[in-house]
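First the structure, in the form of structure tokens, and then the observations on it.
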There are 2 protein chains.
Amino acid sequence: MLSFTEENYLKSIYHLSNGGTQAVLTNALAESMNTKAASVTDMVKKLSTKGMISYEKYYGVKITRVGKTEALMIIRKHRLWETFLVQTLQFNWDEVHEVAEQLEHIQSPLLIEKLDDFLGHPRTDPHGHPIPDKAGKIVEIKQVILSTCALRKKVMVRAVRNGSPSFLQYLSKIGVYIGATLTIVDKVEFDGSLEITIDGKKKVFISRDAAENLMVTE
Amino acid sequence: MLSFTEENYLKSIYHLSNGGTQAVLTNALAESMNTKAASVTDMVKKLSTKGMISYEKYYGVKITRVGKTEALMIIRKHRLWETFLVQTLQFNWDEVHEVAEQLEHIQSPLLIEKLDDFLGHPRTDPHGHPIPDKAGKIVEIKQVILSTCALRKKVMVRAVRNGSPSFLQYLSKIGVYIGATLTIVDKVEFDGSLEITIDGKKKVFISRDAAENLMVTE
DNA sequence: TTTATTTTTTAGACCGATCTAAAAATTGAC
DNA sequence: GTCAATTTTTAGATCGGTCTAAAAAATAAA
């Protein structure tokens, strides 16, 4: 059984390692956990003895198969809860992350399966991220960053990379949502900002920063 | 902000003090928290400095107005979550307590208000216990213990006092539920067991122990 | 390839929640 | 009212998660 804190470390390791494909360095983990490298070293030893990661001094950590499954279960819970909050309780998509950070630690396999049933087995959460299934299988939809798309090509918004409340609120404000159709009308050389149309109608400018945080498909 | 543990202590104090009316002794609290008296003394000091209880050495603790409100909020959350689990996610009434013990600690006023809205502002939880409102007001329905009722009188099951899974499963098995109409057909002098009819049909024997854990109204 | 810089680990401490063992206060018996 | 039994508190230790400061290893620079 993992503690609240251990679960958070494991989740961070999973994300920083791109789903377990790369090693994660101590300092990177320290930064993402808002803690100090010394604390990370301690925790990493513990997670290692629990078989969640393999840890070699000075070489960073690698998540194990067991650890990956564990991480995916936490992510599954997080995303199912986010979906519940938006879909059932009428939260806005920028309000759910913090609450889901708490709810993801509730221990009850029955609860999460019943929640999944109730929600109708959603494939993605309100930010467009895929929800791992019961077995930990995750279906990644191939998508690209908006800023890399060609001019005049119709693309559909699939997910946000950075899900910070302020970014999400901004998107809502200008009318961008998951499923919206965008077209790049113009690229501004100077600052990398884009002029786009939303659903063929509204025409707005978005910054390079925003464009780099929108994932789309053609 | 109270920790998980502090919240559990406060809830126990609230219950053991009958809603804040009596003082609670150290040993009683230790027993209900499955811990040692020494640990209770430490925690009680902390809750006292936080203004949740007043503590006087060797005389037990009394919950303060602030502490009572805090306790009622935790109870509100617990009971709303139990209602959600049964009403929305199709849990059986004997499966919800443990999960609600976890969910009651989620910190989000918005969540609990939205949950309350979604559930349609239920007045009681699946075990018949009243749900405190947003302001901490709790409407106790005057009810009596089944074993004290007169023979032949029709009574309605309102709540269970002991909500242990085994008791609840037993009740389900014999067909007793919140809202059922019971009539005491006979009292057995020897062991205090009762012969009752359920909804005027089924006739069963229940033990004194069971009869003392069913709350009814006439 | 030796030195300087960065990264990581170790050592030792603190805090919160718990424990055991022993001391102190209260209660009950006579 | 004194002594024994019970209850409660204190003292000191442990454990998990964190920290700072210093040591050690790895990396980059000269």
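From a predicted model like this one, the values you see are computed outputs, not experimental measurements. Proteins get letters first, then strands, A, B, ... in listed order; numbering begins at 1 in each. All heavy atoms count here, side chains included; hydrogens, waters and symmetry mates do not.
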Task: Integer-rounded Å distance: C/dA13 P and A/K36 NZ - done: 19 Å
Open item on the list: Under a 3.5 Å cutoff, is there a donor and acceptor pairing between the side chains of B/S193 and B/R208?
Closed with: no
Open item on the list: Side chains of A/I206 and A/Y170, heavy atoms from C-beta outward: is any pair under 4.5 Å?
Closed with: yes
TODO: Name the nucleic acid region contacted by B/T41, choosing base, sugar-phosphate or nothing; use a 4.0 angstrom heavy-atom cut-off, strictly under.
DONE: base
Open item on the list: Considering every strand and a 4.0 Å limit on heavy-atom distances, what is the contact class for B/T26: base, sugar-phosphate, or nothing?
Closed with: sugar-phosphate
Task: Interatomic distance where CZ belongs to B/F4 and P belongs to D/dG16 [whole Å] - done: 18 Å
- [ ] For the pair A/K11 and A/E70, find out whether any cationic side-chain nitrogen is under 4.0 Å from an anionic carboxylate oxygen.
- [x] no
- [ ] Counting heavy atoms from C-beta on, name the nucleotide in D/dC19, D/dT9, C/dT18 closest to the side chain of A/T35.
- [x] D/dC19
Open item on the list: Is there a side-chain contact between B/S12 and B/L29 in this structure, where contact means two heavy atoms from C-beta onward sitting under 4.5 Å apart?
Closed with: yes
Task: Nearest-angstrom distance from the residue atom CG of A/L25 to C1' of C/dT6 - done: 12 Å
TODO: Write down the distance between CG (B/L29) and C1' (D/dT7), rounded to a whole number of angstrom.
DONE: 14 Å
TODO: Could you state the atom-to-atom distance from NZ of A/K50 to P of D/dG16 in whole Å?
DONE: 8 Å
Atom pairs, protein N/O to nucleotides 13-15 of chain D N/O, distance under 3.5 Å:
none

Task: A/M43 vs A/Y59, nearer the 5' end of DNA chain D by closest nucleotide - done: A/M43
Task: Nearest-neighbour nucleotide for the B/A38 side chain, C/dA21, C/dT18, D/dC19 considered - done: C/dA21
Open item on the list: I want to verify a distance call: between D/dT10, D/dC19, C/dT7, whose nearest atom is closest to the A/N27 side chain?
Closed with: C/dT7
Open item on the list: Rounded to whole Å, please give me the gap between CD in A/E56 and C1' in C/dT7.
Closed with: 16 Å
- [ ] List for me each residue that meets side-chain hydrogen bond (donor to acceptor under 3.5 Å, both in side chains) alongside B/T69, sequence neighbours excluded, and say none if there are none.
- [x] none
TODO: Report the residues that fulfil ring pair (Phe, Tyr, Trp, His ring centres under 6.0 Å) with B/H127, sequence neighbours left out, ordered by chain and then residue number.
DONE: none
TODO: Look at all strands and tell whether B/Y9 reaches a base, only sugar-phosphate, or nothing, counting heavy atoms closer than 4.0 Å.
DONE: sugar-phosphate
Task: Candidate nucleotides D/dT8, C/dT18, D/dA25, ranked by approach to the side chain of A/Y58 - the nearest - done: D/dA25
TODO: Answer yes when B/E82 and B/K77 have at least one side-chain N-carboxylate O distance shorter than 4.0 Å, and no when they do not.
DONE: no
TODO: Answer yes or no: does a side-chain N or O of A/S39 lie under 4.0 Å from OP1 or OP2 of D/dC19?
DONE: yes
- [ ] For A/E7 and D/dG16, give me the distance from atom CD to atom P, rounded to whole Å.
- [x] 17 Å
Task: Residues B/R76 and B/D116 bridged, charged N to O under 4.0 Å - done: yes
- [ ] Give a yes/no on whether any side-chain N or O of B/K57 is located under 4.0 angstrom from OP1 or OP2 of C/dA25.
- [x] no
Task: Nearest-Å distance for atom pair CG/P, residues B/D42 and C/dC15 - done: 15 Å
Open item on the list: Whether B/Y55 contacts D/dT9 is assessed here as follows: a side-chain N or O lying under 4.0 Å from the phosphate OP1 or OP2. Is that the case?
Closed with: yes
